[in-house]
Amino acid sequence: MIDIKAFRDDPERFRAGARDKGMTCEFDRLIALDDARRRILTELEGKRAEQNRISKEIGPQIGKAKGALKSAADADRARLEAELRDLEAKPLALKNQVAVLESELQRIEPDWHAVLLTIPQPPAADVPKGKGSEDNVEIRRWNPAGFDASKPFAANRGFTPRGHLDLVKQHRMVDFERGVKMAGTRHYALTGWGMRLHQAVLRMAFDFMTVENGFTAVGVPVIVKEECMVGTGFFPAGREQAYHIEESKRGSGHDLFLTGTGEVGLMGLHADEILSHDDLPLRYTTVSTCFRREAGAAGKDTAGLYRIHQFDKVEQVVVCKADDAESRAWHARMLGYVESLLQRLELPYRLLQCCSGDLGVKNEDMIDVECWMPGRGEAGSDGVPTGAYGETHSASRLGDFQCRRLNLRYRDEQGRIHFAYALNNTVLASPRILIPLLEIHQQQDGSIAIPAALRPYLGGAERIG
RNA sequence: GGACAGGUGGCCGAGUGGUUGAAGGCACCGGUUUGCUAAACCGGCAUACGGGGUAUAUCCCUGUAUCGCGGGUUCGAAUCCCGCCCUGUCCGCCA
């Protein structure tokens, strides 16, 4: 959520931000609602102040008058009743005025808040402007020894690569048919080496973050209340992407939603809290199952493990002080973790600076990591895919946007309260990461070489098949 | 799922219609005293939003709201009524 005061001071900054992100917002409506809200609030509070003052002054008199009335002789009743009416006239009139203003406010405030939630965080000043992913800017590439992703796979390894669908079938690692039978399209079952590899890479990533990098291991709910989805910034914009559990329809409790990332649980942990400055930075990592409806992705990546409704992900989240330099430093470190992990898995990758048009509502800066997937991309003249980079990680800087929504604050050394800055980044998502892992490490005979760093998590096995 | 009990500030806890944004205690911060520490004493100590001011300072003044959440009664609600949520205990069921 943006700061409404910052918006009042400089609405153009937010208009430009939304333009750069390619989003249209009801800015004029927000201004009108905000003006109306403040006008009513000022008036209402004035009336209430008067109400409070009068109530203190004549409240006790009313009490006394009522008492007198009770024990009064019939002869005095009419006079006492009139006195009481006089006393009550003013507060009664005020009460009615307050009620009118309150109902006006109640009409406006939900809209005001709803529109406010839709205003995106403006991109950071140094984020390149662009329309969409085609305008993202490559930052750097990395290749494992003996492999150059700029050349075809065959030129590197001396044989034609097979896609992960093929490899997975040969080694009976994934059962798509039965997955679909049970849960429908974009579902799957991991079997044998598939499940072992899946667990191995997740565990390796999790250990890497906790043991080597000092992140706090956390387990979080993956079914959460709506306010958790709104707080983390996934709602209202991403409502269609989340599975919705309509508990309220059963007449009990409230609706729940399946989270699409562990970020929701990790960030939700400290919602509505005021932390101490020495609690920061929070460095949390979790491994959680992620659920995505993939609404609007019909026809995209329908085959294989790339785009699926359920997967597991090791996620990293940092909550730091409201300091741009510190946030940027963490962003770099969090990307560094991913790079060393991918290097240990010996997977070619590249980093992309996402342009303004590719940013979501909540981030001011985002860097994607893409792994080279030999089986991806257009088929060449020989019918073999040329290979392509595919997104496996996404590292976001959120500024205070997310913590403002979550109401997650901290007290600084001087005792002043600020909304914290938040960052998040994938550590490793599987089974998507198995695509490059299998495709890059496939051997001519169809076996899969296991990178040395992963072997301890697979009972020391060096290859599959 | 059923039956009771309960939800007050960072924590404990008082408070059943008005002067209680909320006693008291603990914790915390500042000060005095003091070889040091401790103790004692004095003072401070919620958050949000609105309005105003100025040396425009994340500084001052002022108002409003908030005692789980929402609604109601009342001139006036932490206090009374209704609904919901949550917690505890017991019973039932169960990975």
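Each chain gets a letter, A, B and so on, in the order the sequences are listed, and its residues count up from 1.
Between A/His309 and A/Tyr243, the ring-plane angle classifies as perpendicular under the 30° and 60° cut-offs. By the 30° and 60° cut-offs, the orientation of the rings of A/Phe208 relative to A/Tyr337 is perpendicular.
Nucleotides B/rA40 and B/rA27, compared at atom P, are 9 Å apart to the nearest Å. Between the P atoms of B/rU89 and B/rC29, the separation comes to 35 Å (whole Å). Rounded to whole Å, the separation between the P atoms of B/rC67 and B/rA22 comes to 14 Å. For the P atom pair drawn from B/rG6 and B/rU66, the interatomic distance equals 24 Å after rounding to whole Å. Using atom P as the reference point in both B/rC85 and B/rC69, the two lie 15 Å apart (nearest Å). Spacing between B/rG72 and B/rC90 at atom C1', rounded to whole Å, works out to 34 Å. Spacing between B/rG70 and B/rG63 at atom C1', rounded to whole Å, works out to 25 Å. A gap of 8 Å separates the C1' atoms of B/rG92 and B/rG1, to the nearest Å.
Within the 4.0 Å cut-off from OP1 or OP2 of B/rG51, at least one side-chain nitrogen or oxygen of A/Arg38 is found. For A/Lys95 and B/rG76, the shortest distance from a side-chain N or O to OP1 or OP2 is below 4.0 Å.
A/Leu94 comes within 4.0 angstrom of no nucleic acid atom, judged by non-hydrogen atoms across all strands. Contact annotation for A/Lys5: backbone-only contact, meaning every heavy-atom pair under 4.0 Å involves sugar-phosphate atoms and none involves a base. Base contact: A/Ser55 has a heavy atom under 4.0 Å from a base atom. Looking at heavy-atom distances under 4.0 Å, A/Arg53 makes no contact with the nucleic acid at all. Note on A/Arg85: nothing from the nucleic acid sits closer than 4.0 angstrom, heavy atoms only. If you check every strand for non-hydrogen atoms under 4.0 Å, A/Arg8 touches sugar and phosphate atoms only. Across all strands, A/Asn407 comes closer than 4.0 Å to no nucleic acid atom at all (heavy-atom distances).
No side-chain donor from either of A/His393 and A/Asn425 sits under 3.5 Å from a side-chain acceptor of the other. Remark: the A/Asp365 side chain and the A/Gln353 side chain contain an N/O donor-acceptor pair separated by less than 3.5 Å. No side-chain N or O of A/Lys362 forms a donor-acceptor pair with one of A/Ser396 less than 3.5 Å apart.
B/rG6: Watson-Crick or G-U partner is B/rC86, with both key distances under 3.5 Å. In this entry B/rG17 has no Watson-Crick or G-U wobble partner, no candidate having both defining distances under 3.5 Å. Using N1 to N3 plus N6-O4 or O6-N4 for Watson-Crick, or N1-O2 and O6-N3 for G-U wobble, each under 3.5 Å, B/rA22 pairs with nothing. The base-pairing partner of B/rU56, taking Watson-Crick or G-U wobble contacts with both distances under 3.5 Å, does not exist among the strands shown. Nucleotide B/rU74 forms no Watson-Crick or G-U wobble pair with any nucleotide shown, as no partner meets the under 3.5 Å limit on both distances. Here B/rC45 sits opposite no nucleotide as a Watson-Crick or G-U wobble pair (both hydrogen-bonding atom distances under 3.5 Å). Applying the Watson-Crick and G-U wobble criteria (two distances, each under 3.5 Å), B/rA95 pairs with nothing in any strand.
When the P atom of B/rC49 is taken as reference, atom NE2 of A/His113 falls 12 Å away, rounded to whole Å. Taking atom CD of residue A/Glu109 and atom P of nucleotide B/rG50, one finds them 10 Å apart after rounding to whole Å. Atom CD1 in A/Ile4 sits roughly 17 Å away from atom P in B/rA48 (whole-Å rounding). Rounding to whole angstrom units, CG of residue A/Asp3 and P of B/rU58 are separated by 15 Å. Across the protein-nucleic acid pair, A/Leu408 atom CG and B/rU47 atom C1' stand 15 Å apart, rounded to whole Å. Rounded to whole Å, atom P of B/rG51 lies 9 Å from atom CG of A/Asp34. Between A/Asn52 atom CG and B/rA77 atom C1' the separation is 12 Å, expressed in whole Å. Between the CG atom of A/Asp35 and the P atom of B/rC49 there is a distance of 18 Å, rounded to whole Å.
Considering only side-chain atoms of A/Thr42, the nucleotide from B/rU74, B/rG50, B/rU47 that sits closest is B/rG50. Distance from the side chain of A/Arg409 is smallest for B/rA48 among the nucleotides B/rG51, B/rA48, B/rU64. Minimum atom distance to the side chain of A/Arg416 is reached by B/rU58, of the listed B/rU58, B/rG76, B/rG50. The side chain of A/Ile417 has B/rA48 as its nearest neighbour among B/rA48, B/rC75, B/rG50. Closest contact between the side chain of A/Arg411 and the listed nucleotides B/rA46, B/rG18, B/rA65 involves B/rA46.
Positionally, the nearest nucleotide of RNA chain B for A/Phe419 lies more toward the 5' end than for the other of A/Gln51 and A/Phe419. Remark on RNA chain B: of its neighbouring residues A/Arg37 and A/Gln106, the 5'-side contact belongs to A/Arg37, judged by nearest-heavy-atom nucleotide.
A salt bridge is absent between A/Lys321 and A/Asp412: the closest approach of a Lys/Arg side-chain nitrogen to an acidic carboxylate oxygen does not fall below 4.0 angstrom.
Checked against a 6.0 Å centroid threshold, the rings of A/His244 and A/Phe257 count as neighbours.
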Query raised in the report: After noting the C-alpha distance and the side-chain angles of A/Arg409 and A/Asn407, does the key distance pass the side-chain hydrogen bond (donor to acceptor under 3.5 Å, both in side chains) rule?
Result: CA-CA 6 Å; A/Arg409 296 166 293 171; A/Asn407 196 27; 3.2 Å; yes
